[in-house]
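Each remark here refers to the structure printed beneath this line.
In this text, all values refer to a predicted model and were calculated from it rather than measured experimentally. Heavy atoms only: backbone and side chains are in, while hydrogens, waters and symmetry mates are out. Here is how names work: the chains are called A, B, and so on, in the same order as the sequence lines, proteins then strands, and each is numbered from 1.
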Amino acid sequence: MDVSHILDELNDAQRAAVTSDDQHLLVLAGAGSGKTRVLVHRVAWQIQAQGLNPYNVLAVTFTNKAANEMSHRIQAMLENPVPELWCGTFHGIAHRTLKMFNKEANLPSGFSVIDADDQLRIIKRIMKDEKLDDALWPPKQIQWLMNTWKEEGKRAKSIKTGNDLQKKAALQVYTHYEKKCIDEGLVDFAELLLKSFELVQSNSVVKSYFHKRFASVLVDEFQDTNTIQFKWLLEILSNQTLVTAVGDDDQSIYGWRGARAENILGFEKNFKAANTVRLEQNYRSTSVILDAANALISNNQNRLGKNLWTESNKGEPITLYQAYHEQDEARYIADTIKNWMNSGGSYSEAAVIYRSNAQSRAIEEALLRIRVPYRIYGGTRFYERLEIKNAMSYLKLAFNPGDNLSFERAISNPPRGIGQKTLQNIREASIKFGTSNFAAARQMSEEGLLATKAKNSIDAFIAFIEDIKNNLSILALSEAIDRLINFSGLIEVYEKEKGEKGKTRIENLEELVTAAKIFEEDFPQDTPLIDIAATFLDNVSLDAGDAQAGAHEDAVQLMTLHSAKGLEFPLVFMSGLEETLFPHIRSMDSPDQLEEERRLCYVGVTRAKQKLYITYAEIRKIHGSDVFNPPSRFIREIPAELIDEVRPRASVTLSYERKSSQAPKDFKISEGISLGQRVMHKKFGQGIVLNYEGTGDSARVQINFDNAGSKWLVLSFANLEVL
DNA sequence: GTATTATACCCTTCT
DNA sequence: GGTATAATAC
């Protein structure tokens with residue numbers, strides 16, 4: 001077979017990596033150097049040039065988006081669908097393993113995957129039962145501690161807490177949590193990895209399955225592997241397995257999730273005679289963008305070090321826009337995208353990226369206002385929305401009656417006359433009977449242990465769940481979900497909800513039906529309906545919601561910096577570059593975390609191919625109140641000559657909305673000084689007047705200084721010079 | 001006992 | 001800005 005197409009258009013380093021005969025290959029690849037490309041071509045090379053069966057290949061990545069992308073590119077390269085090639089996230093593959101070997105893993109066949117939200121709920125319940133003070137030990141911290149243990153591969157029984165009271169509390173929760181999850185057939189994200197690791201390690205059948213099946217294992221974004229993932233990897237490899245790891249220490253941004261970039265070094269240590277190939281030529285960005293990225297990342301101490309270069313032309317300078325507030329920032333971004341579109345670009349070439357999901361709102365509003373279509377990745381994930389979780393809890397319960405979490409959610413939404421008291425009774429009965437809450441409720445009803453009113457509604461509820469269960473084998477999934485939604489009474493509840501909220505909730509529920517419809521189309525005609533439903537349920541827990549309608553429309557892409565990794569766009573906006581936001585306040589006092597923030601910024605900058613915009617706002621509303629932050633330090637770390645600074649037009653007034661109790665925006669605080677006025681202070685330098693209080697000699701003004709941040713000053717002492 | 005309304009309180013990033 | 005808990009109305 002002619003395989004030259006695999007090697008065409010590769011540079012020497014890429015070709016060396018693709019065709020390497022070494023059993024253990026490490027590719028250190030800078031941003032935009034063709035990392036994924038090497039991975040895809042290497043798979044094609046192994047299959048088409050070396051005759052490897054796709055069935056014997058495993059490709060692992062970190063996000064669903066990256067996995068889908070890789071899978072598509074491999075199939076395009078091979079010009080053949082290869083469903084037998086395993087390609088997925090660590091979590092997805094672990095999940096698949098547990099489904100295949102659920103008996104060996106001691107899990108019920110219908111076990112459910114729970115998200116961080118569900119996990120927190122369970123922790124809160126346990127803390128209540130165990131009488132642990134949640135003011136003293138915030139459940140979130142307990143959750144974090146517990147997941148950290150899990151990510152290190154530790155079970156409750158093997159943990160030593162010493163005298164650390166918080167750890168003791170966390171361990172107490174962990175112990176009960178483990179039991180609860182086993183009893184109810186629940187598996188959280190960290191548990192997927194941990195259990196799957198333990199399974200491969202301890203079960204020779206499973207282990208030899210992996211060893212025999214996977215002759216070639218490829219791992220993308222290797223710098224993001226955590227302890228348990230690395231250990232899992234070591235377990236599934238035989239001493240013949242071909243291993244390809246691709247990574248970039250400068251793009252390690254998951255330290256907070258237990259990722260250890262040192263695993264890159266561990267690779268060379270664990271696999272003797274590992275060959276390392278470096279890819280340092282960048283094909284993605286203009287030299288301006290690359291220079292900015294290099295300058296920025298050179299501020300980090302902790303690096304393996306590499307030298308990214310490019311042959312591409314200089315390109316346009318980076319545009320820095322200083323906005324008055326987040327609405328102004330959003331408006332600027334929206335207008336600029338519209339202009340891009342009007343001058344022949346397409347919406348999908350533009351991406352707006354930000355540090356935290358909450359920032360998307362202002363941008364969405366601005367895009368909506370001028371009717372620019374957009375698509376959000378992540379955010380409050382579709383399947384994490386309240387109304388969707390409520391609807392899905394019925395489905396989950398139909399599949400896994402032992403799932404008490406779903407039982408409680410379903411029976412309480414919509415309200416059906418079963419309140420906390422009855423629920424508590426059911427919980428107690430289930431402990432007494434040694435069954436699930438669902439079974440206990442049924443038994444209580446049968447044994448006449450319920451008041452008539454409660455009995456009636458519980459009987460109806462049980463019948464409804466049975467009905468759903470039946471429907472799942474005789475109706476299309478989307479049809480079954482449609483009925484579930486319409487007969488559950490959820491719609492009626494949301495119809496009564498005031499304002500837009502209820503309306504969007506109902507729209508989301510309709511979208512759930514659409515998502516199910518799209519999902520079921522991918523299955524062959526003769527697939528049992530119940531299997532489609534089961535697969536849907538599994539996907540929902542692990543997938544951020546790419547099955548959403550409108551996925552392929554031409555739309556601006558909105559996402560966090562984290563989810564932007566691995567993607568590239570001609571036009572990129574990095575928004576909200578303000579201290580405390582980016583770098584985030586919770587990462588500012590630890591040097592390690594600050595370096596991770598900088599790597600995050602590096603990831604953001606290197607997403608841009610042609611043109612990069614950086615924006616920040618002087619005033620930003622955070623949790624309802626105004627915050628004034630100086631521009632991010634990362635802006636200053638980019639050489640000034642690469643930046644073209646733009647300030648709002650003088651004619652733009654502060655459209656910032658003030659409460660009526662406050663002064664009109666054009667109010668003169670004092671002679672020559674009004675809101676928005678630029679002034680000079682002899683100690684703090686230049687700044688802009690943002691706010692004031694009081695009058696006369698006691699008047700105080702708030703000024704956001706360019707270099708000194710925002711300060712309140714007494715006007716009569718400040719000696720401000722009007723500029 | 002349950003449903004509704006009001007107040008308190010949190011708030012990064014992803015699987 | 002939204003949700004979870006607490007206090008009150010049904």
Side-chain angles (χ1 to χ4, degrees), chain A residues 60-67 88-95 113-121 124 128 134-135 138-141 144 147 150-151 187-193 221 224 226 228-229 252-259 353-362 377-381 383-386 389 412-425 450-451 453-454 457 493 496-498 501 539-545 559-566 576 580-588 593 596-597 599-601 603-604 621-625 627:
Chain A
V60 194
T61 62
F62 279 80
T63 62
N64 293 301
K65 220 180 323 150
T89 61
F90 272 103
H91 290 87
I93 286 161
H95 178 253
V113 178
I114 57 171
D115 60 24
D117 219 55
D118 295 328
Q119 185 183 44
L120 190 62
R121 225 174 277 272
K124 282 182 180 162
K128 201 169 252 172
D134 60 0
K140 280 228 156 144
Q141 285 186 31
W144 185 83
N147 284 332
K150 288 186 160 207
E151 278 153 10
V187 177
D188 62 49
F189 290 132
E191 184 71 23
L192 283 170
L193 301 173
E221 311 282 11
D224 289 331
N226 64 26
I228 192 72
Q229 287 162 340
S252 160
I253 55 174
Y254 285 102
W256 52 274
R257 210 178 73 182
I353 52 190
Y354 34 78
R355 176 67 236 267
S356 62
N357 286 306
Q359 285 169 254
S360 71
R361 172 165 281 106
Y377 288 96
T380 306
R381 289 185 160 53
Y383 292 105
E384 280 169 16
R385 299 205 164 129
L386 195 70
K389 290 199 88 161
S412 319
N413 294 289
R416 47 168 58 80
I418 308 293
Q420 280 311 308
K421 195 73 195 174
T422 309
L423 270 181
Q424 190 55 40
N425 289 339
L450 293 166
K453 202 169 135 221
S457 63
V493 173
K496 272 186 276 178
E497 217 166 328
K498 285 189 269 305
K501 213 161 74 193
N539 264 51
V540 161
S541 326
L542 290 167
D543 187 345
M559 69 194 81
T560 62
L561 286 150
H562 281 87
S563 40
K565 189 163 71 155
T580 74
L581 212 100
F582 189 31
H584 194 270
I585 190 160
R586 310 242 320 228
S587 304
M588 280 168 72
Q593 290 185 49
E596 181 153 313
E597 295 281 313
R599 290 192 294 270
L600 200 50
C601 190
V603 166
K621 255 201 170 45
I622 293 180
H623 315 146
S625 54
V627 179

I'd like a list of close polar pairs between nucleotides 2-4 of chain B and the protein, N/O only, cut-off under 3.5 Å.
| unit_1 | atom_1 | unit_2 | atom_2 | d |
| --- | --- | --- | --- | --- |
| dT2(B) | OP1 | Gly419(A) | N | 3.3 |
| dT2(B) | OP1 | Thr422(A) | OG1 | 2.3 |
| dT2(B) | OP2 | Lys421(A) | N | 3.3 |
| dA3(B) | OP1 | Gly417(A) | N | 2.7 |

Presence of donor-acceptor pair under 3.5 Å, side chain of Arg586(A) and base of dT12(B)
no
Ser457(A) (side chain) donor-acceptor with Arg416(A) (main chain) under 3.5 angstrom:
yes
Please list, chain by chain and in numerical order, all residues satisfying ring-ring contact (aromatic ring centres under 6.0 Å, His included) with Phe90(A), sequence neighbours excluded.
Phe62(A), Trp232(A)
Which one, dT13(B), dT15(B), dT12(B), comes nearest to the side chain of Thr63(A)?
dT15(B)
Where protein sits on nucleotides 5-10 of chain C, one letter per nucleotide: B base, S sugar-phosphate only, - none, heavy atoms under 4.0 Å:
S-----
Contacts of Glu191(A) meeting salt bridge (charged side-chain N to carboxylate O under 4.0 Å, His left out) (sequence neighbours excluded), chain-then-number -> Lys150(A), Arg155(A), Lys195(A)
If you look at every strand shown and take non-hydrogen atoms under 4.0 Å, does Glu597(A) touch a base, only sugar-phosphate, or nothing?
base
Residues two or more places apart in sequence or in another chain: which of them pass salt bridge (charged side-chain N to carboxylate O under 4.0 Å, His left out) with Glu597(A)?
Arg355(A)
What pairs with Asn425(A) under side-chain hydrogen bond (donor to acceptor under 3.5 Å, both in side chains), at least two apart in sequence or on another chain?
none
Between dT15(B), dG2(C), dT12(B), which one does the side chain of Ala116(A) approach most closely?
dT15(B)
If you compare every side-chain N and O of Asn357(A) against the phosphate oxygens of dC14(B) (OP1, OP2), does one of them come in below 4.0 Å?
yes
All side chain to side chain contact (heavy atoms under 4.5 Å, CB included) counterparts of Leu120(A), not counting sequence neighbours
Lys124(A), Pro139(A), Lys140(A), Gln143(A)
Would Trp256(A) count as stacking on dT13(B) if stacking means ring centres less than 5.5 angstrom apart and planes tilted under 30 degrees?
yes
Determine the contact category for Phe90(A): base if any of its heavy atoms lies under 4.0 Å from a base atom, sugar-phosphate if only primed atoms, P, OP1 or OP2 are that close, otherwise nothing.
nothing
Those residues that, when tested against Pro415(A), pass side chain to side chain contact (heavy atoms under 4.5 Å, CB included) (two or more places apart)
Val493(A)
Output all residues satisfying ring-ring contact (aromatic ring centres under 6.0 Å, His included) with Trp256(A), sequence neighbours left out; order by chain, then residue number.
Tyr254(A), His562(A)
